[in-house]
Amino acid sequence: MKLQQNLMRKTDKKENNKEFAGFMDIQEHFRDVKDVKVDAKSEREIFRNIYVEEAAFDYPITKAVLQKYIHSNIIPIHHYKDVFNRTNQHYGMQKQYPALILAIKSDPLLYKGPDVCQNFGFSNFYYTSFLLNCIFDCEYCFLQGMYPSANLVAFVNIEDFKDAITKIVSNEREPVYLAASYDTDLIAFHGIIPYLDYFYDFFSTLPNLYVEVRTKSAGQIFYEEHAALENFIVAFTLAPEEVIKKYEKYTPSLKARIKAVKKAIDKGFKVRLCFDPIFIDTEYESLYEKFYDYIFSEIEPGKILDVGYGFFRMPVDFYKRIKKQKSNSKLFIDDYCLIDGIVSYPTALQEEVKEKHFAILLKYIQKDKLFAL
Amino acid sequence: MILIITALMIEAAPLIEHFRLRRDMSIHEFPVYRNADIALIVSGVGKVRSAIAATYLLSICNTKYNKDIENVNDDSCIKDHTLVNIGFCGASETQYEIGSLILINKVIDMDTGIDSYPDVFVGKDLPAETLCCFSKPISKEDFENINRKSVFCDMESSGIMEVAKKFTYAHQVVILKIISDYLNPKNLNKETLKGYLAKQMPKIEQIIKEVKQLNYYFSKNFTDKIFKEEEKIILEAISENLKFTHAMKQILLNEVKKAKLEGTEPIKILEAYSKVKVNSKTEGKKFLNEITAKLNAKD
């Protein structure tokens, strides 16, 4: 049993290494150039610089992180925005070599769910961000337009988040749906800061709260080490392998993600599949139909909680910001429609594609379990 | 291009010699030395002077020197400038030997209390520290009145950081300091100081090499290099001959870029319009629609 667990950890480690591959890009570039030395020590350092708010030093998460990354430079700061909100940062360059910022989040700690996200039938839809930014580097990611920096901000005041969640849940009569991993990927980040370990027991004490954690991670340790909860949903974002290769840099392959889905199901977790974002492109259009059939040949549809479905979309301000930085991206030069401040495909085109896709999806999933925007 | 700013000639001399820089005799405001991909300016002491000198150097690099660089035809250094401040600093503690080279990851302006943070992607093997920028030399007696456990202090870095905030990305500024004294700046010997710098030259050269590679990586991945030179010339000619407004020109560039990203070569379509001339913007707009339709049909 112990050996099995060790093997499982090794597999996870391999996947985690892949998840961090992006951080090594510049080092790899240096390695190609003669006479530039890259030693083993630098490769070990995921975060060369860790910025810490002066008031955050005494929190348990800060202590754990600083103990773990002993080779990193620790830079004390007054407020995380002094570093995160600088005007002259280059998102793409920082993405290659991000720093970690440990900070204290002040109010508001929870936000009302935005219209561009599915609420999965819950009228009380909130989201929260323990962590800003993500270790992956998806070309379509709205975070590139939302934040001025690719550095990761990890909030350390867990108890304040718990208080805010408790307050919301006790004030609402209807169940509260909380998206806890919309602006990041908490499961992929689990090896660095195991946020869900800090919250898991707390979530179990609030039956009126439904927590969704969205992920592209293929890591399986989390499902091994935690018992499934009635009010905890793991939402796996899946896409055709060609789309993953083209747009979801440094993320695990479709096969690896499916393995993780299966593991989560085996361990009794409530699993949601998210086909989001869908791209309407001559190159990819034909892929989706085969992809859905493949997914449900691998994953038993009856064991899925529900399915989320949505097209590539984002607020126009974010779109413009990203377009400016990614001047050579085909995705951000294509023609889109602007409806109510959201950039996406024309409605008629969406309906046409959706009809085709739903014809397949409804073979596997009941209509009331299919949530689309 | 690498733009080095030093406060004093004794800091500049070993760099000029090592990188074989030549004085630009056409410039009289500051001593400026250069080769194909490095320019060095001697600013004088203090953050105001360092800010003026760094801005001046950036300005002449964006105008005067870029023309020369384009003639050199070296893709690795065109228009991607990094400011590198190299100089001496004092240290209140003795954890580093005199003559040690340190890399700065935070600069505190001790007059205003404003902190600045360069994105440090180079010099992995160097120790990294916070630097306090003062308006005057700091002695041991002065340090006793400062409410800090330890300090590394200089007089130029915050000026350089202010310039970087305005004109470059956060990763395009590097502050390198050599410890000259333990807060007893009056007893410094010029030859000894030059010796410290000469001793650190292999590490400085390494940093400069890494900065060049970083500039190359940045330029290759994040700057708009999609148009070939001949395409740029044709696009300019079309925009001028067809009396395009700025917005119309942007539409044309966007459509051509899109065609190129989709794998087609729009040059033949463009060539047909390079010599067409119009008398009004309205007429030009018709041609823009025609070109756009042809580019899209090509898809």
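This structure is a prediction, so every number in the text was calculated from the model and none was measured. In the text below, chain A, chain B and the rest are named by the order of the sequence lines, each starting its count at 1.
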Exercise for review: Measure the spacing between OH of Tyr117(B) and CG of Asn88(A) and express it to the nearest 0.5 Å.
Suggested key: 13.5 Å
Distance-only donor-acceptor pairs under 3.5 Å for side chains of residues 159-169 of chain B, two or more places apart:
unit_1: Glu162(B); atom_1: OE2; unit_2: Lys165(B); atom_2: NZ; d: 3.0
unit_1: Lys165(B); atom_1: NZ; unit_2: Ser116(B); atom_2: OG; d: 2.9
unit_1: Thr168(B); atom_1: OG1; unit_2: Ala164(B); atom_2: O; d: 3.2

Study note, to complete from the structure: When rounded to the nearest 0.5 Å, the distance separating CG of Asn73(A) from OG1 of Thr130(B) is 9.5 Å
Practice item. Might you work through the side chain to side chain contact (heavy atoms under 4.5 Å, CB included) test for Ile77(A) and Asp115(B), ending with a clear yes or no? Key: CA-CA 8 Å; Ile77(A) 55 175; Asp115(B) 299 339; over 6 Å; no
Point to revise | Over 12 non-hydrogen atoms of neighbours within 6.0 angstrom of NZ in Lys326(A) | key: yes
Point to revise | Parallel, tilted or perpendicular: ring planes of Tyr97(A) versus Phe121(B), cut at 30 and 60 degrees | key: parallel
Check your understanding: If you look at every heavy atom in Asn49(A) and Val120(B), which pair is closest and at what distance?
Key -> ND2-O, 4.0 Å
Check your understanding: Could you give the distance from CG (Asn105(B)) to CZ (Arg48(A)), rounded to the nearest 0.5 Å?
Key -> 8.5 Å
Review point. Which atom pair, heavy atoms only, marks the closest approach of Asp335(A) to Lys258(B)?
Key: OD2-NZ, 2.8 Å
Donor-acceptor contacts, no H, no angles, side chain residues 317-324 of chain A, under 3.5 Å, sequence neighbours left out:
unit_1: Tyr319(A); atom_1: OH; unit_2: Phe332(A); atom_2: O; d: 3.2
unit_1: Arg321(A); atom_1: NH1; unit_2: Gly145(A); atom_2: O; d: 2.4

Check your understanding: Can you say whether Leu103(B) sits under 4.5 Å from chain A via the side chain, the backbone, both, or neither, judging by heavy atoms?
Key -> side chain
Exercise for review: Specify the closest pair of heavy atoms between Ala170(B) and Arg86(A), including all atoms of both residues, with the distance to one decimal.
Suggested key: CB-NH1, 3.6 Å
Review point. Does a sphere of radius 6.0 Å around NZ in Lys68(A) hold more than 12 heavy atoms from other residues, nucleotides or ligands, not counting ones at 6.0 Å or beyond?
Key: yes
Practice item. Test Met93(A) against Tyr217(B) for side chain to side chain contact (heavy atoms under 4.5 Å, CB included), laying out the working first. Key: CA-CA 9 Å; Met93(A) 287 297 280; Tyr217(B) 180 90; 3.8 Å; yes
Practice item. Step through the shown structure and confirm whether more than 12 heavy atoms of other residues, nucleotides or ligands are within 6.0 Å of CD on Gln95(B). Key: yes
Point to revise | Polar contact flag, side-chain donor to acceptor under 3.5 angstrom, Gln94(A)-Asp119(B) | key: yes
Revision key, fill the gap. Note: vs chain A, highest number of non-hydrogen pairs under 4.5 angstrom among His171(B), Lys260(B), Glu255(B) is His171(B)
